[in-house]
Protein chains: 2
Amino acid sequence: MLSQSELNTAKRSVLFRNVPDQMLQNLLSDSHKRKVARGATLFVQGDPATHMFVILEGCVKLIRITPGGEEIVVAVYSEGDSFGEAVALKGGQYPVTVEAVQDSVLLQVETRVVFDTLRSDPDLAVAMLSSTFSHLHELVMEIENLKALSGAQRLATFLISLAPVEDGPCSLVLPYDKVLIAKRLGMKPESLSRSFANLRKQGVSVKRQSVDVDDITQLKEFVSDDA
Amino acid sequence: MLSQSELNTAKRSVLFRNVPDQMLQNLLSDSHKRKVARGATLFVQGDPATHMFVILEGCVKLIRITPGGEEIVVAVYSEGDSFGEAVALKGGQYPVTVEAVQDSVLLQVETRVVFDTLRSDPDLAVAMLSSTFSHLHELVMEIENLKALSGAQRLATFLISLAPVEDGPCSLVLPYDKVLIAKRLGMKPESLSRSFANLRKQGVSVKRQSVDVDDITQLKEFVSDDA
DNA sequence: GAAGTTGATTGACCAAGATCAAGCCCTTGG
DNA sequence: CCAAGGGCTTGATCTTGGTCAATCAACTTC
């Protein structure tokens with residue numbers, strides 16, 4: 001049911017990385033592959049949490065809809081990322097809505113299966129707590145960024161996280177469109193535009209989806225400066 | 001070693017609430033009570049994560065120190081709350097610094113003990129995943145609030161969370177000083193002052209640590225309005 | 001009880017980002 | 001080839017919250 005490359009993606013995922021092969025077989029044999037088209041909704045906030053997910057291919061966004069109808073992007077996950085681990089166990093309701101940003105393939109594992117496996121093997125618990133902790137850590141940094149950094153600095157942080165190198169020049173491709181990037185960074189598309197314009201002084205040039213950075217180190221310094 | 005009331009607090013905590021008595025005994029017998037004075041640091045970000053904690057008494061803040069030396073408040077926890085569950089298992093480093101806001105008493109459980117208990121009883125795993133998920137959920141809402149609400153609206157949300165009633169009038173006492181509340185809400189003390197002044201129109205009056213609200217429902221509407 | 005300290009408030013000013021509006025470029029479909 | 005629409009950028013203007021500074025009240029401390 002899973003192709004070899006999908007299986008490899010699953011094995012490399014943060015969630016399953018430390019799970020013994022034997023148990024992984026067990027889990028995977030009882031789970032389903034689900035394809036979702038770009039723009040399709042996986043579940044909405046308030047739905048009973050019946051599954052946890054691993055992304056085999058593509059990209060989804062976790063959003064919250066405010067009482068006023070505005071869409072807040074909480075996180076964007078792509079290949080190898082997992083979500084819903086903790087809530088699936090707690091047995092409550094999903095706190096966010098998840099929508100596919102691109103055509104995507106997901107592995108979906110039923111709560112019941114996870115629950116049973118957990119009883120028979122505590123290593124899975126450690127793996128799940130581990131990956132949940134990664135999410136926790138990401139959210140903590142997200143809050144720090146929102147509270148302490150300017151829009152242009154948040155954008156710089158985002159570019160640094162995309163960069164394939166630690167220092168020096170590089171080019172990269174934006175993983176999704178600018179409207180989504182803006183929401184992800186907590187600003188309006190117009191402000192994102194201006195932030196990009198701002199970063200030109202720091203050696204960043206953009207052309208459509210592709211970005212060239214003269215020097216990643218310079219960007220890092222720009223983020224650290226809180227003048 | 002634990003007083004009766006401390007034991008009760010531990011039993012009522014989100015983390016231990018669903019843990020069978022027998023196992024709880026086991027965990028508690030192998031853990032230590034730790035007293036920290038107001039202002040004292042429990043651990044700093046980057047320290048190896050060796051323990052998880054339950055607050056028996058008092059109040060702590062989870063903070064991050066930015067490269068520029070600024071202090072960002074990620075969360076404030078008090079009696080019955082736990083933290084460090086997930087990272088204790090992951091075995092990495094604490095992502096935040098924790099400092100006591102008041103003189104406090106904490107239950108501290110060694111990673112090794114948790115790890116061992118986890119192997120012998122999966123119920124603890126579910127309990128830990130559950131409380132970790134609560135933290136995750138709080139952070140998600142925190143991000144939503146930061147991205148979507150104004151300062152005064154965030155303050156209103158905070159007051160609503162403190163209120164003992166669901167609607168109608170009420171009075172409440174601010175749990176810690178305004179500088180900390182301001183940081184918690186992601187603003188400067190001056191802005192908090194102005195936000196309080198703003199809320200006067202919504203029937204909120206403040207005098208030192210005590211707040212009177214004419215109508216909680218009115219506050220809820222104020223938060224929902226995103227005009 | 002005078003002086004200094006800390007926490008809170010207020011005002012004047014400034015900067016970052018939101019909003020509203022216009023326009024451009026690129027794709028898509030007739 | 002042209003029209004239409006979406007994605008992106010730019011400009012003008014306004015709102016929010018930050019900064020700096022003055023003031024005041026409540027508490028220590030000497």
Side-chain angles (χ1 to χ4, degrees), chain A residues 38-39 61 66 68-73 101-102 145-159 173-202 204-211 222-223 225-227, chain B residues 38-39 61 66 68-73 101-102 145-159 173-202 204-211 222-223 225-227:
Chain A
R38 177 193 158 117
K61 59 181 174 181
T66 67
E70 197 192 348
E71 173 185 309
I72 307 291
V73 173
V101 171
Q102 305 158 3
N145 288 345
L146 282 172
K147 286 186 177 174
L149 302 183
S150 71
Q153 285 174 316
R154 290 203 297 280
L155 172 56
T157 304
F158 180 70
L159 294 179
V173 176
L174 299 177
Y176 28 81
D177 73 32
K178 296 194 184 169
V179 177
L180 181 55
I181 294 175
K183 282 183 178 169
R184 177 46 246 276
L185 298 176
M187 55 180 133
K188 302 286 154 176
E190 295 96 319
S191 295
L192 179 66
S193 245
R194 291 185 233 272
S195 294
F196 267 121
N198 237 307
L199 289 186
R200 273 204 281 271
K201 291 193 290 287
Q202 308 298 329
V204 175
S205 56
V206 205
K207 199 181 163 195
R208 306 198 34 75
Q209 296 277 80
S210 54
V211 178
F222 174 71
V223 173
D225 277 2
D226 45 5
Chain B
R38 178 194 156 117
K61 59 180 175 181
T66 66
E70 198 191 347
E71 173 185 309
I72 306 290
V73 173
V101 171
Q102 306 159 2
N145 288 345
L146 282 172
K147 285 185 177 174
L149 302 182
S150 71
Q153 285 174 317
R154 290 202 299 279
L155 173 57
T157 305
F158 179 69
L159 294 178
V173 176
L174 299 177
Y176 29 84
D177 74 31
K178 297 194 181 166
V179 177
L180 182 54
I181 295 175
K183 281 184 180 168
R184 176 47 247 275
L185 298 176
M187 53 180 132
K188 302 287 153 171
E190 295 96 319
S191 295
L192 179 66
S193 247
R194 291 182 177 114
S195 295
F196 266 121
N198 237 307
L199 288 187
R200 273 203 283 269
K201 290 193 292 286
Q202 309 298 329
V204 175
S205 56
V206 205
K207 198 182 164 194
R208 303 195 41 71
Q209 297 277 81
S210 55
V211 178
F222 174 71
V223 172
D225 276 4
D226 43 6

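Residue numbering restarts at 1 for every chain, and letters A, B, ... go by the order of the sequence lines.
Between D:dC8, D:dG18, C:dA8, one nucleotide has an atom nearer to the side chain of B:Ser191 than all others, and that is D:dG18. In the set C:dT19, C:dT9, C:dG17, the nucleotide with an atom closest to the side chain of A:Ser150 is C:dG17. Residue A:Lys178 has its side chain nearest to D:dC8 when only C:dT10, D:dC8, C:dA18 are considered.
Of the inter-residue distances, the one linking B:Lys183 atom NZ with B:Lys188 atom NZ reads 8.0 Å to the nearest 0.5 angstrom. Between atom CZ of residue A:Arg184 and atom CD1 of residue A:Ile72 there is a gap of 13.5 Å, rounded to the nearest 0.5 Å. Of the inter-residue distances, the one linking A:Ser195 atom OG with A:Leu159 atom CG reads 10.0 Å to the nearest 0.5 angstrom.
Spacing between atom CE of B:Met187 and atom P of C:dG17 amounts to 18 Å, rounded to whole angstrom units. The separation between A:Ile181 atom CD1 and D:dT9 atom C1' is 15 Å, rounded to whole Å. Here D:dT16 presents its P atom at 14 Å from CG of B:Leu149, a figure rounded to the nearest Å. Atom NZ in B:Lys188 sits roughly 10 Å away from atom P in D:dC20 (whole-Å rounding). Straight-line distance from the CD atom of A:Gln209 to the P atom of C:dT27: 11 Å, rounded to whole Å. To the nearest angstrom, P of C:dA15 lies 17 Å from CZ of A:Arg194. In this structure, CG of A:Leu192 is placed 17 Å from P of C:dA16, rounded to the nearest angstrom. Following rounding to the nearest Å, B:Phe196 (CZ) and C:dA8 (P) show an atom-to-atom distance of 10 Å.
A:Phe196 carries A:Lys178 over the face of its six-membered ring, with the cationic atom under 6.0 Å from the centre and within 45° of the normal.
Summary of the strand contacts: B:Asn198 and B:Glu190 both lie near DNA chain D, and taking for each the nucleotide with the nearest heavy atom, the more 5' one is attributed to B:Asn198.
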